[in-house]
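Here is the structure we will look at.
The analysis underlying the following values was restricted to heavy atoms, covering all of them including side chains, and did not include hydrogens, waters or symmetry mates.
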Amino acid sequence: MTKADIVNEISEKTGIEKMAVQATVEAFMKTIRNNMVEGKNVYLRGFGTFLVKKRAEKIGRNISKNTTVVIPAHYIPAFKASKTFAERVKKNVKAAEPLKNID
């Protein structure tokens, strides 16, 4: 599902024109993005939490040059679904069947 799909679905379900819905969705995403850039987490009860996570410094490898590289500590955006949301997904989405060998 894309942002355009979300805008279309909200517009159809609410009867609000697409331009207004798009502006609202854009403002919502901008608010989340700006708060996370400032290091703040965003909590949406019943949906989930947008977190700013710290990744520790670690040693990586540049395989083509066969050298080690220090990857410094840094922060990344992450999302953690609420317990009820995660349970609904777990209950309703079926795992894909494993591929069968063709012999």
Legend entry - Heavy-atom side-chain proximity of E9 to M1 below 4.5 angstrom: yes

Legend entry - Side-chain donor or acceptor of N8 paired with backbone N/O of D5 under 3.5 Å: no

Inset, instruction - Following the transitive rule for hydrophobic clusters with a side-chain heavy-atom cut-off under 4.5 Å over Ile, Leu, Val, Met, Phe, Trp and Tyr, establish whether L51 and I32 coincide in one cluster. - result: no

Inset, instruction - Could you grab the distance from atom CE of M36 to atom CZ of F79, nearest 0.5 Å is fine? - result: 10.5 Å

Inset, instruction - Answer yes or no: is there an ion pair linking E26 with K30, defined by an N-O contact shorter than 4.0 Å? - result: no

Legend entry - K18 to V7 - nearest heavy-atom pair and separation: O-CG1, 3.7 Å

Inset, instruction - Would you indicate whether I76, at its atom CD1, is surrounded by more than 12 heavy atoms from other residues, nucleotides or ligands within a distance under 6.0 Å? - result: yes

Legend entry - Rounded distance [0.5 Å steps], NZ in K58 versus NE2 in H74: 7.0 Å

Inset, instruction - Check the angle between the aromatic planes of F85 and F47 and answer parallel, tilted or perpendicular using the 30° and 60° thresholds. - result: parallel

Inset, instruction - Please round to the nearest 0.5 Å and tell me the distance separating atom CE of M29 and atom CD1 of I6. - result: 8.0 Å

Legend entry - Verdict with reasoning, R88 to T84, per side-chain contact (heavy atoms from CB on, under 4.5 Å): CA-CA 6 Å; R88 285 185 65 194; T84 55; 5.6 Å; no

Inset, instruction - Please tell me if the side chains of T31 and N35 come closer than 4.5 Å, counting only heavy atoms from C-beta onward. - result: yes

Legend entry - Hydrophobic cluster membership, F50 vs V89, 4.5 Å side-chain cutoff: yes

Legend entry - Distance-minimising heavy-atom pair for N62 and S64: OD1-OG, 2.8 Å

Inset, instruction - Please check if the side chain of S11 supplies one atom and the backbone of I16 the other of a donor-acceptor pair under 3.5 Å. - result: yes

Inset, instruction - Grab the two heavy atoms, one from V52 and one from K40, that are nearest each other, plus how far apart they are. - result: CG2-O, 3.8 Å

Legend entry - Contacts of type side chain to side chain donor-acceptor pair (under 3.5 Å), residue E57, not counting sequence neighbours: none

Inset, instruction - Report yes if some heavy atom in the side chain of R61 is under 4.5 Å from a heavy atom in the side chain of V69; otherwise report no. - result: no

Inset, instruction - List for me each residue that meets side chain to side chain contact (heavy atoms under 4.5 Å, CB included) alongside K83, sequence neighbours excluded, and say none if there are none. - result: none

Legend entry - Side chain proximity check, L44 to T49, heavy atoms < 4.5 angstrom: no

